Amino acid sequence: MKEIQDFISETLGLSLDTQTKIIFSLVVVFILWMLKVIIQRIVWRQTDNIKTRYQWKRSLSLAFPFVGVFIISAIWISAFKQFGTFLGLFSAGLAFALRDPLTNLAGWFFIVFRKPFVVGD
């Protein structure tokens with residue numbers, strides 16, 4: 001294994017860290033591809049509805065590349081290690097800042113969809 005790493009380092013000029021990132025990226029792509037194929041086969045066996053199959057295929061074709069880019073970005077960009085902390089603090093600040101509009105929106109949804117009041121109340 002050491003000979004292969006030395007050969008790659010000498011011929012391509014790639015460090016061990018870069019080689020590791022490339023291997024992890026390829027593994028992520030392969031795993032996501034396999035998950036997509038498995039889910040599509042399950043859907044194909046469970047339903048004969050062409051519209052449902054198309055919607056699943058389309059959704060998977062949109063979701064998996066997004067997830068793949070996110071995971072591979074986390075592998076290559078070290079700043080993603082602090083991304084979870086940033087996202088948590090950002091969402092807490094956003095929820096605090098938009099507390100009143102969000103509660104008003106939730107109340108509106110409740111009134112519109114549950115219809116607790118009728119004309120004349």
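The shown structure was predicted, so the numbers you read here are calculated from the model rather than taken from an experiment.
Judged as a side-chain hydrogen bond (donor to acceptor under 3.5 Å, both in side chains), and not counting sequence neighbours, the contacts of Asn49 are Thr52. By the side chain to side chain contact (heavy atoms under 4.5 Å, CB included) test, Phe109 pairs with Leu105, Phe113, sequence neighbours left out. In this view, Lys21 and Asp17 satisfy the salt bridge (charged side-chain N to carboxylate O under 4.0 Å, His left out) rule, not counting sequence neighbours. Residues passing the ring-ring contact (aromatic ring centres under 6.0 Å, His included) test with Phe90 are Phe86, sequence neighbours excluded. By the side chain to side chain contact (heavy atoms under 4.5 Å, CB included) test, Phe64 pairs with Leu32, Leu35, Lys36, Ile39, Leu60, sequence neighbours left out. Here Phe117 pairs with Ile111, Asp121 under the side chain to side chain contact (heavy atoms under 4.5 Å, CB included) rule; sequence neighbours left out. Taking Trp44 as the reference, nothing meets the side-chain hydrogen bond (donor to acceptor under 3.5 Å, both in side chains) condition, with sequence neighbours excluded. When the salt bridge (charged side-chain N to carboxylate O under 4.0 Å, His left out) test is applied to Asp48, the partners found at least two apart in sequence or on another chain are Arg53. Applying the side chain to side chain contact (heavy atoms under 4.5 Å, CB included) criterion to Arg41, with sequence neighbours excluded, gives Val37.
For residues 63-74, the set of pairs meeting the side chain to side chain donor-acceptor pair (under 3.5 Å) definition, not counting sequence neighbours, is empty. Sorted by first then second residue, the ring-ring contact (aromatic ring centres under 6.0 Å, His included) pairs that include residues 12-38, not counting sequence neighbours, number zero. Each salt bridge (charged side-chain N to carboxylate O under 4.0 Å, His left out) pair with one or both residues in residues 93-115, not counting sequence neighbours, would appear here, but there are none.
Interatomic distance, CG of Leu26 versus CD1 of Ile72, reported as 8.0 Å (0.5 Å rounding).
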